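See below for the structure under consideration.
The structure displayed is predicted, hence computed values, not measured ones.
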Amino acid sequence: LLGEYTFTITKISNPALAELNDEFYKKVIRTEETLTFEDFKEKVKGIMQESYTAESTNVLYMQMYEHFTSNTKITYPKEFLKEWLLITNENKLSKEQIEQQYPEFEKGLTWDLIKNKVVREYNVDVKHEDVMARAKSAIRRQFGLSTIADDETEKLLDGFADTMLKRDNGKEYRKYFDEVYNEKVFE
């Protein structure tokens, strides 16, 4: 990079390592309970295990998606579907964009057909309570809240989740519904 640059330093900080004590443990774990170093290590280990489990599950789901969509052979009326995509998207996509994105569309369509078959054969059902539980779990993670909560906290979580699920004309609800739905399909 050639040229002249001007920088303004607005803050200089010199962070110091925190002391390993109960105050530090409470800040990291976001709890009011008194923790020993061993308790703290176990809590951190549990949080990390939960995170790695979720991540490995997502990787497994993506691998299954790839496997089943790649190995399920369905012949589609390509030209009809491309025309249909053009019309239903009200010309927001050009023919070139549809041409470029069509393989992924076809893969998604195949996946939808596979999922629908699993849903029918195994009576997969997603209830409103399932969606609420998923939303509340996301809120807990976001705010670092414990999975064990008193009645007052549960009421607050219910209110937050209800508000969150109504955002964007129900798009948030659909997002969490789809997450639960996909998880149940994979189970």
Side-chain angles (χ1 to χ4, degrees), residues 1-70 104 108 111 115 118 122 124-187:
L1 295 170
L2 300 174
E4 232 176 86
Y5 299 94
T6 304
F7 295 95
T8 303
I9 299 173
T10 58
K11 182 179 180 181
I12 298 175
S13 63
N14 190 7
L17 292 176
E19 220 178 291
L20 294 178
N21 58 26
D22 189 52
E23 180 184 345
F24 173 74
Y25 307 149
K26 286 179 179 179
K27 278 184 183 177
V28 172
I29 303 298
R30 296 183 184 173
T31 183
E32 290 301 316
E33 76 182 85
T34 300
L35 299 172
T36 65
F37 180 69
E38 290 304 316
D39 295 334
F40 173 71
K41 281 185 3 184
E42 283 303 309
K43 297 255 186 201
V44 169
K45 184 178 174 182
I47 291 167
M48 290 175 68
Q49 182 64 44
E50 188 177 302
S51 178
Y52 286 128
T53 298
E55 190 61 34
S56 64
T57 299
N58 287 337
V59 169
L60 175 65
Y61 289 170
M62 289 307 300
Q63 289 172 343
M64 289 172 67
Y65 169 86
E66 284 299 321
H67 172 78
F68 287 115
T69 56
S70 297
E104 283 305 311
W111 182 243
K115 281 193 317 188
V118 170
Y122 295 97
V124 174
D125 186 31
V126 176
K127 295 178 178 23
H128 175 71
E129 295 80 30
D130 300 327
V131 178
M132 279 294 282
R134 176 58 58 98
K136 287 167 57 174
S137 175
I139 294 167
R140 279 189 177 96
R141 278 193 314 277
Q142 184 177 358
F143 291 107
L145 299 173
S146 169
T147 55
I148 302 167
D150 57 30
D151 288 342
E152 187 177 324
T153 304
E154 276 303 313
K155 285 179 186 173
L156 280 171
L157 280 171
D158 285 338
F160 282 141
D162 192 49
T163 300
M164 182 173 78
L165 293 172
K166 289 177 181 172
R167 278 196 314 226
D168 295 330
N169 294 323
K171 285 182 185 173
E172 284 292 309
Y173 189 93
R174 186 68 199 181
K175 176 184 142 199
Y176 286 105
F177 178 92
D178 288 345
E179 282 181 16
V180 174
Y181 181 81
N182 287 330
E183 188 175 282
K184 287 187 174 204
V185 167
F186 279 113
E187 289 174 352

All side-chain hydrogen bond (donor to acceptor under 3.5 Å, both in side chains) counterparts of Thr57, not counting sequence neighbours: none

Show every donor-acceptor pair shorter than 3.5 Å between a side-chain atom in residues 159-171 and any protein atom, with sequence neighbours excluded, or say none if there are none.
| unit_1 | atom_1 | unit_2 | atom_2 | d |
| --- | --- | --- | --- | --- |
| Asp162 | OD2 | Lys166 | NZ | 3.1 |
| Thr163 | OG1 | Gly159 | O | 3.0 |

Decide, yes or no, whether a salt bridge links Asp39 with Lys41 under the criterion of side-chain N to carboxylate O below 4.0 Å. no

Do NZ/NE/NH1/NH2 and the carboxylate oxygens of Glu38 and Lys45 come within less than 4.0 Å? no

Contact summary for Lys115 and Tyr181, nearest pair of heavy atoms: CE-CE2, 3.9 Å

Residues in ring pair (Phe, Tyr, Trp, His ring centres under 6.0 Å) contact with Tyr176, at least two apart in sequence or another chain: none

Go through the structure and list residues passing side-chain contact (heavy atoms from CB on, under 4.5 Å) with Met62, not counting sequence neighbours. Tyr65

With a 3.5 Å cut-off and sequence neighbours excluded, list the donor-acceptor pairs that the side chains of residues 9-18 form with protein atoms.
none

Partner residues of His128 under the ring pair (Phe, Tyr, Trp, His ring centres under 6.0 Å) criterion, sequence neighbours left out: Tyr173

The complete set of salt bridge (charged side-chain N to carboxylate O under 4.0 Å, His left out) pairs with one or both residues in residues 55-68, sequence neighbours excluded, reads Glu66-Lys107

Heavy-atom pair of closest approach, residues Asp158 and Lys136: OD1-NZ, 2.8 Å

Distance, nearest 0.5 Å, that separates OH of Tyr25 from CZ of Phe37: 5.5 Å

Please identify each residue that fulfils side-chain hydrogen bond (donor to acceptor under 3.5 Å, both in side chains) with Lys184, with sequence neighbours left out. Asp130

Suppose we screen for side-chain hydrogen bond (donor to acceptor under 3.5 Å, both in side chains). Which residues come up paired with Lys27, at least two apart in sequence or across chains? none

side-chain contact (heavy atoms from CB on, under 4.5 Å) with Ser56: which residues, sequence neighbours excluded? none

Between atom CD1 of Ile29 and atom CD of Glu42, what is the distance when rounded to the nearest 0.5 Å? 11.0 Å

Within a 6.0 Å radius of atom NZ on Lys26, are there more than 12 heavy atoms belonging to other residues, nucleotides or ligands? yes

My understanding is that only residues two or more places apart in sequence, or in another chain, count here; which of them pass ring pair (Phe, Tyr, Trp, His ring centres under 6.0 Å) with Tyr61? Phe186

From Leu20 CG over to Thr36 OG1, what is the distance, rounded to the nearest 0.5 angstrom? 12.0 Å

Any donor-acceptor pair under 3.5 Å linking the side chain of Asp22 with the backbone of Leu35? yes

Once side-chain hydrogen bond (donor to acceptor under 3.5 Å, both in side chains) is applied, do any residues pair with Arg174, and if so which ones, sequence neighbours excluded? Asp178

Donor-acceptor pair, distance only, cut-off 3.5 Å: does the side chain of Thr53 make one with the backbone of Gln49? yes

Start with the C-alpha distance between Glu154 and Arg140, add both sets of side-chain angles, then the distance that settles salt bridge (charged side-chain N to carboxylate O under 4.0 Å, His left out), and finish with yes or no. CA-CA 10 Å; Glu154 276 303 313; Arg140 279 189 177 96; 2.4 Å; yes

For the residue pair Arg134 and Glu183, establish whether any side-chain heavy-atom pair is separated by less than 4.5 Å. yes

